[in-house]
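Atoms within a ligand are numbered from 1 in the order they appear, just like the ligands themselves.
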Amino acid sequence: MLSLEQVRQGLESAGQSHVLQFWSELSEEERDSFLQELSQLDLDGLKDHCESPARSAASLPSKLDEHMEPVPPEFIGSVKKSDQSALEEWENEGLLKISENRVGVLLLAGGQGTRLGVQYPKGMYNVGLPSSKTLYQIQAERIRKIQELSDRKHGSKCTVPWYIMTSEFTLAPTEKFFKENNFFGLESSNIVMFEQRMIPAVDFDEKVILQGKGKIAMAPDGNGGLYQALVDNKVLEDMKKRGVEYLHVYCVDNILVKMADPVFIGFCVSKGADCGAKVVEKAYPTEPVGVVCRVRGVAQVVEYSEIQQKTAELRGPGGELVYRAGNICNHFFTRAFLQDVAEKFKGQLRQHVALKKVPFVDMCGNHVTPTQPNGIKMEKFVFDVFPFSRSFVVFEVLREDEFSPLKNADGAATDSPTTARNSLLAQHSRWATAAGATLLDEHGNPLPPTASVSAGDNQAARCEISPLVSYFGEGLEKLLKGRTLPSPFILDEKRAKELQAQ
Ligand code: UTP
């Protein structure tokens, strides 16, 4: 631990002397813990860190538009445009790799979820499904099911290890939650939780924000902090020990995520890709999602705000948007690629400026909860490694089947608990209908098959199918064909056994 004098000098040369302004008011204990916290800061790099938002703003890439092009079609796979046999081939390839224990999944769960606004990790959120399952439970059950499907196909017992990146905010509650829930039926030794780094939040005057008189406001370093965290926590070594060669990386908030999606993995592997991105077609030109494209011949995600409107609105001969590949934070990486990033490239990742509301103590020592963004958190993004890929591919999937993120609290028009819940229930209703069931609404009236299509449709039948029964709609015909299902209807393992016995 550094001495107070060393810390004082370090802060002074970084232009951050205000950090110690309440030192004389702190108790002995508070001083100890504050000094400990400050000793762990990179004081030499602090000046640079505080100035980085201004530097990033000044170095915003200009005239991207002129150098942009879509990813060429030969590097794109598509669920909609590929024939059934190609999709099956990719799926078989993916299931084979899974059965050989060569596939892992990695969850990015270090975010603070400030827009959703709950005090616990987002993965513990229950969006109000009939089963009351949380996001973590849904994901765990999908892992169990994909292991089972691979086992069944290849007659072996396989494991898909689950790597979970957390942060100071999410690690302890996530660990506790998993333990309390008996790891949702997974082997605890196959769940590897690790922590990403935290960095100080700064205000608009390049000053570190004090969260308390003896505490600075720290924030996780963005989901691109993954690459440093992999090194800090020896995660790549763990992957190597287990023989994991392919990793499916995803965000905690997408309720429809296909864990270790064999079709996506099989596609990427069969193309010899080292890095891949799942995308959905952008809904409209100004939709605030990043677009996967090439800039100066190199794969990249470009934000809507970085390009001109006329570029975003460009359309091809068939009327489709030229830049329609919407990034959904669902990536494929080989371990070899991640090793390369860890060794050579992680220091080159761009820093993004995120404006956030950061509670603070003002000059007079009053605690303030801001209503407007007052702070800057510098974040790295997980997709910023795409330019380092030597063989990059894109896989286009259907939004209604694979993407419905939980970002906002209820009341917001998009990406809320209600939209997430409805997306999942609508998908499961589609599966049940396709399997030959008739769904009833809450008053017992039959629903036309199309009623379940729209995620926002509040007429959608409340039909929920446990991932332990079906991973992606398969195997339902023998259970549901010709049946009339009340609403709500939960198809869990117990109910599936009963239906099978009838
Ligand atoms: P978001 O960008 O949606 O951020 O993260 P967030 O922190 O969850 O929510 P807001 O912006 O504060 O409302 C996308 C994904 O990246 C993860 C999140 O947990 C989520 O899965 N993430 C984000 C990290 O793992 N670490 C970070 O530092 C930031």
(request) Please identify which atoms of ligand 1 are closer than 4.0 Å to at least one heavy atom of K407. (result) 1 (P), 3 (O), 14 (C)
(message) I need the atoms of ligand 1 closer than 4.0 Å to a non-hydrogen atom of P220, numbered in the order shown.
(response) 28 (O)
(message) Distance under 4.0 Å to a non-hydrogen atom of G222: what atoms of ligand 1 satisfy this?
(response) 26 (N), 27 (C), 28 (O), 29 (C)
(request) Take the angle between the ring planes of Y136 and F177 and call it parallel below 30°, perpendicular above 60°, tilted in between. (result) tilted
(request) Could you check whether the rings of F386 and H331 sit parallel, tilted or perpendicular, using 30° and 60° as the cut-offs? (result) perpendicular
(message) Under a 4.0 angstrom heavy-atom cut-off, which atoms of ligand 1 come close to K356?
(response) 10 (P), 11 (O), 12 (O)
(request) Taking only Lys NZ, Arg NE, NH1 and NH2, and the carboxylate oxygens of Asp or Glu, determine whether E141 and K133 approach each other closer than 4.0 Å. (result) yes
(request) Consider ligand 1: state whether an atom of it lies below 4.0 angstrom from any non-hydrogen atom of A109. (result) yes
(request) Take the angle between the ring planes of Y250 and H248 and call it parallel below 30°, perpendicular above 60°, tilted in between. (result) tilted
(request) Any atoms of ligand 1 less than 4.0 Å from a non-hydrogen atom of Q196? List them with their elements. (result) 24 (C), 25 (O), 26 (N), 27 (C), 28 (O)
(message) Quick test: of every protein heavy atom, which one is nearest to atom 7 (O) of ligand 1, and how far off is it to 0.1 Å?
(response) Q112 N, 2.9 Å
(request) Quick one: do D274 and T334 satisfy side-chain hydrogen bond (donor to acceptor under 3.5 Å, both in side chains)? Show the steps, please. (result) CA-CA 5 Å; D274 56 6; T334 61; 5.8 Å; no
(message) Please find the pair of heavy atoms, one from Q36 and one from M1, that lie closest to each other, and give the distance.
(response) CA-SD, 3.7 Å
(request) Return the option from K377, R115, K357 holding the heavy atom at the smallest distance from atom 11 (O) of ligand 1. (result) R115
(message) For the 3.5 Å polar cut-off, considering only N or O atoms, please tell me whether L116 and ligand 1 meet it.
(response) no
(request) Check ligand 1 against M165 and write out every atom of the ligand that is under 4.0 Å from a heavy-atom position of the residue. (result) 25 (O)
(request) Mind listing the closest non-hydrogen atom pair of A312 and L321 along with its distance? (result) O-CD2, 3.6 Å
(message) In this structure, does ligand 1 have an atom that sits under 4.0 Å from one of the heavy atoms of G225?
(response) no
(request) Closest by any non-hydrogen atom to atom 9 (O) of ligand 1: pick that one out of G111, G113, P121. (result) G113
(request) With heavy atoms of C251 as the reference, note each atom of ligand 1 found under 4.0 Å away. (result) 14 (C), 15 (C), 21 (O)
(request) Tell me whether the guanidinium CZ or amine NZ of K258 lies under 6.0 angstrom from the six-membered ring centre of F472 and within 45° of its axis. (result) yes
(request) Using modelled atom types only, decide if a donor and an acceptor are shared between the side chain of N182 and the backbone of F184 within a distance under 3.5 Å. (result) no
(request) Specify the protein heavy atom at minimum distance from atom 20 (C) of ligand 1: its residue, its atom name, and the distance to 0.1 Å. (result) L108 O, 3.7 Å
(request) Pick whichever of L406, T114, L107, D415 has a heavy atom sitting closest to atom 10 (P) of ligand 1. (result) T114
